[in-house]
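Because the structure is predicted, anything quoted here is derived from the model rather than measured.
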Amino acid sequence: MASLSRSTLLPQCSSCIRRVARQSLDSRAPLQQLQQQTRSISKAAKEAERNIVVKLLKDVPRYGRAGSYVPLNPATMRNRWFPARVADYVPFQQLKVLKSQEVDMQRDVSFGVRVNLEEAEEDGEDFLAPRKPYVRPIEIELLSPERSMELLDTFISPTIDFSRQRIEQEETKPRYGASGAADVLTAAAMNSKPKLSQNAIYGSVSTADIAATLKAALAHNDEAARVILNEADIRFVTNTEEGDAQRVKELGLFKIEIQVPGAAAPLVRNVRVKAKDMDA
């Protein structure tokens, strides 16, 4: 009789069974949420218990200013902050005194944080990165044009010598006897070739060569080495072929003018191009 009354209380259809099962699950859901919250709270509490109080030696964004006492993970302190001299350990006796004085030992998460957090992360200074040493820029006092010309006049000799190899002239003897037309063509070809000067040289002596020689002469004096001289400041003025003021292509004595920008008058010097001794 008891078994018959118990069976009548149980749900008889499938829909009733699902409804009863859903009610039992809904009644257990708040309990599971409470258990999860309790586990998360206990985990945060355990992490807080493991933290130690350290003293900041530098301003650290999201932690606090230098001299503040903040909690920190022991592994972070041991591996990063203490070797980088970002923070220092607090002795136990000093920690007791701080607690008795009720000193604030909480982390200031708003310290050093800009309104735009993305910009703060990009532009923020990495306090753990090694700082680059400050290198003071070299300051060079420029010489006046008048002083530059005085130094050029003092250290540049009146005549600047260069050695170049002379082009040897070959004597071409005409060949006769083949035919009259061949003799005419040979004579015409010989007359059409440009005749080189007896003092023609291989290559040339240019203003760039002179500028390099002058700079080498000025380098022996500390003040003269500061003279700024370019090849554009030098030009040939006499005995140049076809009026070329940048180079000469033969042996001889040539006059040049040297004038730095801003100088009142140029400095006149001689350039002597000598034949190079082939036996030397």
Side-chain angles (χ1 to χ4, degrees), residues 18-145 147-148 219 222-223 225-228 230 261-262:
R18 287 195 297 269
R19 185 173 63 254
V20 172
R22 190 180 300 111
Q23 291 177 356
S24 62
L25 291 175
D26 293 342
S27 62
R28 293 176 57 185
L31 179 60
Q32 293 177 354
Q33 295 177 359
L34 180 60
Q35 291 176 351
Q36 292 177 357
Q37 294 177 359
T38 305
R39 284 197 297 268
S40 61
I41 293 174
S42 61
K43 183 178 179 181
K46 290 180 180 179
E47 291 181 355
E49 291 179 356
R50 286 197 298 266
N51 289 343
I52 60 174
V53 177
V54 299
K55 181 180 181 181
L56 296 180
L57 301 178
K58 300 179 180 179
D59 292 347
V60 183
R62 299 184 179 86
Y63 281 88
R65 296 185 179 277
S68 302
Y69 296 91
V70 296
L72 187 67
N73 186 281
T76 304
M77 179 62 178
R78 179 177 62 254
N79 299 327
R80 298 183 57 194
W81 287 35
F82 185 73
R85 302 302 300 158
V86 177
D88 199 1
Y89 288 98
V90 179
F92 179 73
Q93 297 296 333
Q94 183 180 358
L95 184 60
K96 290 178 60 178
V97 174
L98 294 175
K99 289 183 178 180
S100 63
Q101 297 176 353
E102 297 183 354
V103 177
D104 185 15
M105 292 182 285
Q106 298 297 324
R107 171 183 172 183
D108 187 2
V109 295
S110 62
F111 173 74
V113 179
R114 299 180 181 179
V115 176
N116 192 338
L117 296 180
E118 295 179 358
E119 293 181 359
E121 292 177 359
E122 294 177 358
D123 301 336
E125 181 182 1
D126 187 2
F127 58 88
L128 294 177
R131 293 186 177 180
K132 296 182 179 180
Y134 173 74
V135 179
R136 184 176 182 179
I138 300 176
E139 299 178 358
I140 301 177
E141 183 181 358
L142 297 179
L143 298 175
S144 63
R147 181 55 180 167
S148 298
D222 293 339
E223 186 181 10
R226 293 162 49 194
V227 175
I228 300 177
N230 300 314

S.K.: Would you verify whether the NZ or CZ of Arg85 falls within 45 degrees of the ring axis of Phe82 while also being under 6.0 Å from that six-membered ring's centre?
M.R.: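 Pair Arg85/Phe82 counts as cation-pi.
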S.K.: For the residue pair Met105 and Leu95, what are the closest heavy atoms and their distance?
M.R.: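 Looking at all heavy atoms of both residues, the shortest contact is SD-CD1, 3.8 Å.
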S.K.: State, yes or no, whether a side-chain contact exists between Tyr89 and Ile52 at a heavy-atom distance under 4.5 Å.
M.R.: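 Counting from C-beta outward, Tyr89 and Ile52 do come under 4.5 Å.
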S.K.: Of all the heavy-atom pairs spanning Ala225 and Ala219, show the shortest one and how long it is.
M.R.: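 Between these two residues, the closest heavy atoms are CB-CA, 4.1 Å.
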S.K.: Would you name the heavy atoms of Val86 and Val60 that are closest together and state the gap between them?
M.R.: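 Closest approach of Val86 to Val60: CG1-CG2, 3.6 Å.
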S.K.: Roughly how far, to the nearest 0.5 Å, is the CG atom of Leu98 from the CD atom of Gln93?
M.R.: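 Gln93 atom CD to Leu98 atom CG measures 11.5 Å (nearest 0.5 Å).
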S.K.: How many angstroms lie between atom CG of Leu143 and atom CZ of Arg226, to the nearest 0.5 angstrom?
M.R.: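 That separation rounds to 4.5 Å.
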S.K.: Specify the closest pair of heavy atoms between Asn51 and Pro71, including all atoms of both residues, with the distance to one decimal.
M.R.: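 In this case the closest contact between Asn51 and Pro71 is CB-CB, 4.2 Å.
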S.K.: Applying side-chain hydrogen bond (donor to acceptor under 3.5 Å, both in side chains), can you list everything that pairs with Ser100, at least two apart in sequence or on another chain?
M.R.: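 Not a single residue meets the side-chain hydrogen bond (donor to acceptor under 3.5 Å, both in side chains) criterion with Ser100.
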S.K.: To the nearest 0.5 Å, what is the distance between CZ on Arg78 and CG on Leu72?
M.R.: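 It comes to 11.0 Å.
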S.K.: With sequence neighbours excluded, what pairs up with Arg147 under the side-chain hydrogen bond (donor to acceptor under 3.5 Å, both in side chains) test?
M.R.: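 Scan of Arg147 (side-chain hydrogen bond (donor to acceptor under 3.5 Å, both in side chains), adjacent residues dropped) gives Glu150, Glu223.
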S.K.: Grab the two heavy atoms, one from Arg50 and one from Pro74, that are nearest each other, plus how far apart they are.
M.R.: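 Nearest pair, atom of Arg50 first, then Pro74: O-CG, 3.2 Å.
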S.K.: Please check: side-chain N/O of Arg107 versus main-chain N/O of Arg62, any donor-acceptor pairing under 3.5 Å?
M.R.: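 Confirmed, Arg107 side chain pairs with Arg62 backbone.
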S.K.: Where do Lys58 and Ala84 come nearest, in terms of heavy atoms and distance?
M.R.: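 Minimum heavy-atom contact is NZ-O, 3.8 Å.
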S.K.: Find the distance between CG (Leu56) and CH2 (Trp81) and round it off to the nearest 0.5 Å.
M.R.: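 Rounded to the nearest 0.5 Å, the CG-CH2 separation comes to 5.5 Å.
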